[in-house]
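Notes follow the structure.
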Amino acid sequence: QKEVEQNSGPLSVPEGAIASLNCTYSDRVSQSFFWYRQYSGKSPELIMSIYSNGDKEDGRFTAQLNKASQYVSLLIRDSQPSDSATYLCAAYNNAGNMLTFGGGTRLMVKP
Amino acid sequence: NAGVTQTPKFRILKIGQSMTLQCAQDMNHNYMYWYRQDPGMGLKLIYYSVGAGITDKGEVPNGYNVSRSTTEDFPLRLELAAPSQTSVYFCASRVEGGRGQPQHFGDGTRLSIL
């Protein structure tokens, strides 16, 4: 199993819907997780971080961490065409010095 | 603050040529990283540094070298460019301490080797 895995997509949702992005992880990563958004041709931009089991909300974004099932999710409410991008899930290794990225999920929000 | 600054933004090299990708940060971050991103893929770690004078290999270090003489700068050196090194290169930095510190990225260098 890869350390951090994501479905490559594309995930297509209509404008105004909830987009749900998922990420699974192995025992080789620590309990610090990050979601980055990357527009085509641009650098990754931090959206959310989550460290504790449960939900963390920030505006239209909610990150969910389930340590028992080893998955992290990002929910985007009221999706907008401007949310169309690739979303990268990342976690530090257990030593805490190297960040491992999933392959990213491409999200398309259709007007 | 400028954050993480990478130069150049674009470069075309011939096979066998050498070049240095520059990365500088003005946030006084001890930790700095170099990644490469191939089309449609995630980021792969090339090298990282936890402070001046200290560097270590990441997942894909072959064909690259780094140095860290100051806290601010972390250049990446390609000695003999190969077509397989065509990629987008990102530099990132973060503060020291704990496992929960996010990394902040530069705008990237798009490198083509022909």
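Numbered from 1 within each chain, the chains take letters A, B, ... in sequence-line order.
- Heavy-atom proximity under 4.5 angstrom to chain A picks out B:Lys57, B:Gly58 from residues 53-76 of chain B.
- Counted by atom type alone, B:Ser87 and B:Asp38 present one or more donor-acceptor pairs between their side chains at under 3.5 Å.
- For A:Arg37, the CZ atom sits in a packed shell: over 12 heavy atoms of surrounding residues, nucleotides or ligands are nearer than 6.0 Å.
- Interface residue B:Leu43: backbone and side-chain heavy atoms are both found under 4.5 Å from chain A.
- Counting non-hydrogen atoms of neighbouring residues, nucleotides and ligands closer than 6.0 angstrom, the NZ atom of A:Lys110 reaches no more than 12 such neighbours.
- In this structure, the portion of A:Leu46 lying under 4.5 Å from any heavy atom of chain B is its side chain and not its backbone.
- Chain A is approached within less than 4.5 Å, heavy atom to heavy atom, by B:Phe105, B:Gly106, B:Asp107, B:Arg110 from residues 105-114 of chain B, ordered by number.
- Proximity to chain B is absent for every atom of A:Phe33, based on heavy atoms less than 4.5 angstrom apart.
- A:Lys2 NZ: 12 or fewer foreign heavy atoms inside a 6.0 Å radius.
- In the model, A:Tyr51 has a side-chain atom that pairs as donor or acceptor with a side-chain atom of A:Ser49 under 3.5 Å.
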Evaluation steps, side chain to side chain donor-acceptor pair (under 3.5 Å), between A:Asn7 and A:Thr105: CA-CA 6 Å; A:Asn7 188 316; A:Thr105 299; 5.7 Å; no
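- Neither the backbone nor the side chain of A:Gln6 comes within less than 4.5 Å of any heavy atom of chain B.
- Taking the side chain as every heavy atom from C-beta outward, B:Leu21 and B:Leu78 approach each other to under 4.5 Å.
- Annotation: side chain of B:Lys44 is not in contact with side chain of B:Trp34 (no heavy-atom distance under 4.5 Å).
- Relative orientation of the B:Tyr35 and B:Tyr33 rings is parallel, given thresholds of 30° and 60° on the angle between their planes.
- Under the 3.5 Å distance criterion, with hydrogens and angles disregarded, a donor-acceptor pair is assigned to the side chains of A:Glu3 and A:Thr100.
- In the displayed structure, B:Ile12 atom CD1 is contacted under 6.0 Å by at most 12 heavy atoms of other residues, nucleotides or ligands.
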